[in-house]
Asks: 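Before we start, here is the structure in question, set down as C-alpha cells.
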Amino acid sequence: MTRNIPEKPGLEGLEEKWDSRWESDGTFRFDRSKTRDEIFAIDTPPPTVSGSLHMGSVFGYVQTDSVARYRRMSGKEVFYPMGWDDNGLPTERRVQNFFGVRCDPSLPYDPDFIPPPEPPEPPISISRRNFIALCHGLTEEDEKVFEHLWRTLGLSVDWTQSYATIDDHSQRTSQKAFLANLERGEAYTQDAPVLWDVDFKTAVAQAELEDRERPGTYHRVAFHRPDGEKLFIETTRPELVCSCVALVAHPDDDRYQGLFGSTVTSPLFGVELPVVAHELAEPDKGSGIAMICTWGDTTDVTWWRELDLPTRAVIKQNGCFQTEVPEWIESEAGRAVYEQIAGLYPNQARKKMAELLEESGDLQGELKQVSHPVKFYEKGDRPLEIVSSRQWYIRNGGREDDLRKKLLELGERLDWVPDFMGVRYKHWVEGLNGDWLISRQRFFGVPIPVWYHLDDEGIPDYDRVIIPDEASLPVDPTSQAPPGFSEEQRGQRGGFIGDRDIMDTWATSSLTPQIAGHWDDDPDLFARVFPMDIRPQGPEIIRTWLFSTLLRSYYEHDQLPWGHATINGWILDPDRKKMSKSIGNVVTPIPLIEEYGSEAVRYWACNGRPGTDTAVDFGVMKIGRRLAVKILNASRFALGFGDDADPELITEPIDRSMLAGLSDVVDRATAAFEKFDYARALEVAEASFWTWTDDYLELVKGRAYGEGGDTASAHAALQLSLSVYLRLFAPFLPFVTEEVWSWWREGSVHRAPWPSPDEFAGLTGDARVLAVTSEVLTAVRRAKSDARTSMRTGVSSLQVTASRKDIEALQAAERDLLEAARGSAVAYDDGEFAVAVVLEDA
RNA sequence: GGGCGUUUAGCUCAGUUGGCUAGAGCACUGCCCUUACAAGGCAGGGGUCGGGGGUUCGAGUCCCUCAACGCCCACCA
C-alpha cells in the first residue's frame with residue numbers, strides 16, 4: 001500500500017484522533033457470536049463516580065487495559081464492559097455538599113424544585129424524590145467526566161456494554177438476586193444490636209469499619225457489694241453505668257472467685273447486677289473485672305448474647321441518651337441522676353457522670369488518659385454506637401462453619417495475581433464474626449423489595465414478608481403496593497407497609513458479573529461470558545467487593561465468578577506517601593495527561609508490577625513519552641525506503657541474527673502476559689527495542705541506503721521487526737502504535753495478531769552475530785568519544801581480538817560493521833576479547 | 001497482639017528455578033548538529049544488594065534472627 005509518513009511525526013492529537021476512529025470503526029465492539037472458550041471476559045470495577053479523579057483511578061485500569069489488548073490480539077474476543085458505581089452514600093454526600101440540600105423523607109415531592117445556584121447555608125431540606133432526582137442528575141455528569149478520562153487514556157472498553165449500579169437493569173438484577181437469597185433462606189431479617197453511625201443514621205457492616213486511635217479516659221468506678229465493700233472496675237465509658245447489666249471477670253481469676261454468682265449494685269443508680277464469668281474477660285486489663293453494658297462495644301454484644309443477659313439499651317438512633325428514665329432504674333435517687341444525662345450525647349453524658357460519681361465518692365483516684373482504638377464507619381466522623389435495630393442480613397459464613405469452609409475453599413481455587421493476595425481473603429473470611437448486614441437507612445440506592453403485613457392492630461409482622469412478582473422488578477415498596485393490595489391499604493390495619501431501607505452498595509456491586517453479563521434478561525449472553533476470566537481490583541476491597549461477589553456467585557451459580565483475581569498495588573504520591581484528600585497530596589491525572597501525554601501516563605502505570613505499591617513518578621512518564629517519540633522516529637526510518645519487501649529476502653546474517661533475538665523477546669513477552677505480568681512484557685520489549693534502535697539500526701543503515709550489501713534483506717528485516725515491535729507495544733502505547741500502523745497497514749494494530757514464533761520460521765540466524773558486532777561498534781564509539789571527535793570520523797585501523805567463534809560471527813557482518821564504524825578493513829586475532837582502534841586525523 | 005508486603009547506585013525500580021566481573025532509566029560527567037530522532041545521540045563514573053548468623057564449591061537469590069517502613073486484621077472494659 002502507499003505509505004503516508006509525516007515529515008515530522010508527533011504525539012500531539014493522537015488520543016482524540018484514534019479514540020474517535022476506534023469508536024466509529026467499532027474496533028473494540030464485543031462480538032457476541034463467539035463462544036465461551038473464544039471469549040476473554042473482564043469484570044471491570046465500576047468506579048465510584050462521585051469520588052475524585054486521582055492517579056489511583058488510572059493505575060489499575062490501564063494495567064487491565066494492557067491485558068485486555070494483549071488477549072484481543074492473541075485471538076480472544078474480549079468482553080470489556082464499563083460500569084459506574086453511582087449508588088449509595090458517597091453520591092448522597094456529594095449531592096448534599098454540591099447543592100446544599102438534605103433529604104427529609106417526610107416532605108412531599110415538589111415537581112418545580114430547582115436547586116439554588118449556590119449551595120445555601122444552612123442546607124435546605126427536600127423530599128426523598130427530589131433528592132434522588134438530584135443524585136441521578138449529578139452522577140450523569142460525573143460519569144461523563146470519567147468516560148472522557150477513560151477514552152483519553154485509551155481504555156479499549158466496549159462502550160455499548162456499560163451500566164450504572166443505580167440503573168433499572170442493575171436494580172432489577174440486585175432485587176432478583178436478593179429475592180432468590182430470601183427464598184433459599186440465605187437472606188433474613190432480624191432485630192439485633194448493630195453498629196450505627198449517628199450522623200448518617202444508618203447501620204454499617206463489618207467490612208466498612210475502621211479503627212482510629214482516639215484519646216480516652218479511664219475512670220475507676222466503684223460498684224457496691226451487699227456487705228458494703230466496694231468493687232472497682234475501670235471504664236472509658238462511665239456514662240454507660242446506667243445500661244450496665246452485669247460485671248464480668250475471667251473464670252480462673254482468683255480475685256473474683258468468691259463473687260461469681262453474687263450480686264452488686266451500680267453506683268448512683270442502685271441497680272442490682274450479677275457478677276458473671278467469661279473467658280473473654282482479661283485479668284490483666286484494668287482491674288480484671290469489667291462492666292457489661294448494652295452496648296458499649298462489640299465485646300459487650302458477645303457477652304450479652306452468650307451469657308443471655310437482659311437488654312438495657314439507652315442510646316437511641318439519633319446518638320443521644322433516651323429522654324425518658326429507663327424502667328429498670330427504680331430508686332428515686334437513681335432516677336434523678338438519670339434525668340441529668342437524659343437526651344445528652346455520650347461525650348456530654350460522660351463528663352456529667354464523672355462529676356456525679358466524684359461527688360458520690362464512687363470515683364477513685366485520678367483519671368487516667370489513654371489512647372485507644374475506637375470503631376468508626378470508614379466514611380464517618382464520629383465513633384459508632386451500638387443500637388438495637390431491625391436489619392436485613394445475608395449469611396456469609398460468619399456464623400456457620402460449613403459455609404465459611406466452603407468460601408475458604410473457593411478462595412483457594414481462585415488464581416490470585418499476585419498469589420500472596422489470597423492470604424488477605426483467607427484472613428478476612430476466617431475473621432468474620434457475623435453475617436453481612438446489607439440494609440441501610442439511606443435514600444439513593446436499590447430498595448429492599450419487600451413489604452410486611454400489618455396485623456389487626458396495625459403492627460408489622462416481620463415474619464410475614466410480602467414479595468413482589470419478578471416481572472414487576474425493580475420495585476420501590478415505599479411508593480408501590482405489593483401484589484394483592486392496593487395503595488389505600490398502606491399503613492392500615494390488616495394492610496401492609498413497605499420496607500423503607502435500601503441495600504448497601506456492595507449488595508448490588510457484588511453482582512457485577514451478573515449485571516454486565518445480563519444474567520437477568522439475556523441468558524444467552526450470560527452463558528458466553530460467565531464465569532468471567534479476570535476480576536481486576538484494588539487490594540483494599542478484597543474484603544468487600546471481591547468477597548461479596550464470590551459469595552453471591554456461590555449462592556446463585558455454585559461456582560467462582562472468575563478464574564483469576566488480578567490485584568493492583570497502592571498508588572503513593574511522589575514522596576511515597578499514601579495519597580489522601582485530607583493530606584492534600586492527591587495527584588490528578590488530567591494535568592499529567594496534558595503535560596506528558598496518555599502514552600506516558602500509561603507507560604508509568606504499566607511499569608508498576610502487579611500488586612506492587614507504586615509512586616507517582618514524573619521521571620518514568622518522561623521515559624514513556626520518549627519511548628513513544630522514539631517509536632515514531634525509528635518507524636520513519638524503517639519505513640522510509642518505499643518498498644514492501646518480502647521476508648523471504650532476509651538473508652544477511654546480521655538481519656537473521658537480529659530476528660533470532662526478537663523471536664526470543666516475543667516468547668518472553670508472551671509468557672509474561674499469559675501470567676498477567678504486563679510489566680515484564682513491557683520491560684522485555686522495551687529493552688530489546690532500545691538495542692534495536694541503538695545498534696541494529698546503526699549497523700543496517702548503510703546497507704538500507706544502498707551503500708553496499710543486500711539492500712532488500714535490510715528493508716525486509718526492518719519491516720518485519722518493526723511490525724513485531726509495534727504489536728509488542730500496542731497493549732501499552734495504543735495510540736502511537738496505531739498511528740504508525742496506519743502509515744503502512746490496513747486495519748487496526750489492535751486487531752492484528754499478536755506476534756508468534758511462526759513469523760520467524762526459517763528467518764532466524766545466530767544471535768551472537770548482532771551481539772558481538774554491537775560490542776565492537778561500542779568500542780569504536782568509545783574510541784571516538786575518548787578522542788572527543790565526531791562519530792563520523794573515519795577509522796584507519798580496526799584490530800579485533802576475539803574467540804574463533806566470535807571472529808566468525810564478526811566476519812558474517814563485517815561489511816555492516818565497517819559501514820557503521822566508518823572503517824575500511826578489520827584485522828582479527830585469536831584471543832581474549834579486545835578492540836584496538838586507530839582513528840583518521842580529523 | 002497476629003498476618004502480609006517492602007528494604008539492591010543520590011532517586012525510581014528490574015534481578016524468574018542459587019552460577020561467570022550485580023542491571024536499567026533518571027540524575028551526574030564528558031563528547032557529538034551523524035541524511036529516523038538535538039524536548040536527540042554516543043560514551044563514562046557510581047552499589048560491602050537493611051543488620052547479624054547459617055546452609056552451599058558458590059547467596060541479592062534458600063533458612064534463622066533482628067530492625068525500619070507500609071498495608072491488612074484484632075473483643076475499644
Side-chain angles (χ1 to χ4, degrees), chain A residues 5 8-9 209-214 216 218-219 221 233-237 240 247-249 280-282 285-293 296-303 370-375 383-384 418 420-424 426-428 430-431 433 539-540 542-543 569-570 572 574 576-578 604 607-609 611-620 622-623 625-627 629-640 668 671-672 675 677 679-680 683 686-687 690 693-694 697-698 701 705 777-793 820 822:
Chain A
I5 306 175
K8 270 264 171 201
L209 305 181
E210 66 182 32
D211 284 353
R212 295 182 201 163
E213 203 62 31
R214 283 296 131 107
Y218 270 121
H219 302 69
V221 176
I233 60 112
E234 289 193 7
T235 180
T236 55
R237 303 201 61 179
L240 290 177
L247 298 191
V248 64
L280 280 182
E282 293 179 35
K285 222 168 192 177
S287 57
I289 188 161
M291 64 172 180
I292 301 174
C293 311
D297 59 42
T298 51
T299 319
D300 279 343
V301 178
T302 306
W303 281 326
V370 292
S371 178
H372 64 156
V374 179
K375 281 203 191 311
L384 293 170
F420 66 78
M421 290 293 181
V423 176
R424 300 194 183 190
K426 181 167 176 269
H427 287 168
W428 174 251
E430 284 171 349
N433 54 30
E540 75 282 10
I542 290 174
R543 64 177 179 167
W570 276 106
L572 309 170
R576 295 204 62 73
K577 294 207 179 63
K578 189 175 162 181
W604 162 76
N607 251 285
R609 254 57 199 179
T612 301
D613 296 351
T614 303
V616 173
D617 189 332
F618 310 118
V620 174
K622 281 185 192 157
I623 300 165
R625 185 175 175 84
R626 215 176 51 144
L627 175 62
V629 170
K630 194 77 175 175
I631 289 172
L632 288 174
N633 288 317
S635 302
R636 213 171 87 78
F637 168 73
L639 299 177
R668 280 153 57 209
K675 290 188 289 185
D677 194 350
R680 175 161 306 283
E683 181 190 291
E686 189 190 5
W690 284 108
T693 60
D694 293 350
L697 291 194
E698 292 302 324
K701 193 175 276 180
Y705 280 120
L777 181 61
T778 297
V780 172
R781 285 166 174 162
R782 185 184 304 124
K784 292 178 182 178
S785 194
D786 289 347
R788 307 188 164 201
T789 185
S790 157
M791 292 295 148
R792 303 173 86 171
T793 305
R822 315 249 169 193

Asks: Mind running side chain to side chain contact (heavy atoms under 4.5 Å, CB included) on A:Asp297 and A:Arg237 for me, showing each step along the way?
Replies: CA-CA 10 Å; A:Asp297 59 42; A:Arg237 303 201 61 179; over 6 Å; no
Asks: Going by purine N1 to pyrimidine N3 plus the second Watson-Crick contact, or the G-U wobble pair, all under 3.5 Å, which nucleotide sits opposite B:C28?
Replies: B:G44
Asks: To the nearest 0.5 angstrom, please state how far the CG atom of A:Leu632 sits from the CZ atom of A:Arg636.
Replies: 10.5 Å
Asks: For B:A43, does either OP1 or OP2 sit under 4.0 Å from a side-chain N or O belonging to A:Arg782?
Replies: no
Asks: Is the phosphate of B:A77 approached by A:His219 (side-chain N or O, under 4.0 Å from OP1 or OP2)?
Replies: no
Asks: Touch check for A:Asp300, heavy atoms < 4.0 angstrom, all strands: base, sugar-phosphate only, or nothing?
Replies: nothing
Asks: What nucleic acid atoms does A:Thr236 come within less than 4.0 Å of, heavy atoms only: base, sugar-phosphate, or nothing?
Replies: sugar-phosphate
Asks: Answer yes or no: does a side-chain N or O of A:Arg792 lie under 4.0 Å from OP1 or OP2 of B:U34?
Replies: yes
Asks: With both distances kept under 3.5 Å, what pairs with B:U7, Watson-Crick or G-U wobble?
Replies: B:A67
Asks: Distance between the P atoms of B:G47 and B:G5, in whole angstroms?
Replies: 31 Å
Asks: Taking only side-chain nitrogens and oxygens of A:Lys630, does any of them come within less than 4.0 Å of OP1 or OP2 of B:A38?
Replies: no
Asks: Determine: side-chain N/O of A:Lys784 to OP1/OP2 of B:U34, distance under 4.0 Å, yes or no.
Replies: no
Asks: Could you give the CD-to-C1' distance, from A:Glu698 to B:U35, as a whole number of Å?
Replies: 12 Å
Asks: Any side-chain N or O of A:Thr778 less than 4.0 Å from the OP1 or OP2 oxygen of B:A43?
Replies: yes
Asks: Checking all strands, does A:Leu280 fall into the base, sugar-phosphate, or nothing category for heavy-atom contacts under 4.0 angstrom?
Replies: base
Asks: Can you measure from CG (A:Leu697) to CG (A:Asn633) and round to the nearest 0.5 angstrom?
Replies: 11.0 Å
Asks: When you look at A:Arg609 and A:Glu683, which way does the salt bridge (Lys or Arg N to Asp or Glu O under 4.0 Å) test go after all the steps?
Replies: CA-CA 11 Å; A:Arg609 254 57 199 179; A:Glu683 181 190 291; 2.8 Å; yes
Asks: If you only use heavy atoms from C-beta on, which nucleotide in B:C73, B:A77, B:G40 is closest to the side chain of A:Arg626?
Replies: B:G40
Asks: Could you identify the nucleotide paired to B:C13, looking across every strand shown and requiring Watson-Crick or G-U wobble geometry with both distances under 3.5 Å?
Replies: B:G23
Asks: Please give the distance between the P atoms of B:G60 and B:U7 as a whole number of Å.
Replies: 15 Å
Asks: Once you apply the 3.5 Å cut-off to both distances, tell me the Watson-Crick or G-U wobble partner of B:U55, or none.
Replies: none
Asks: So, OP1 or OP2 of B:U16: does either fall under 4.0 Å of a side-chain N or O from A:Lys675?
Replies: no
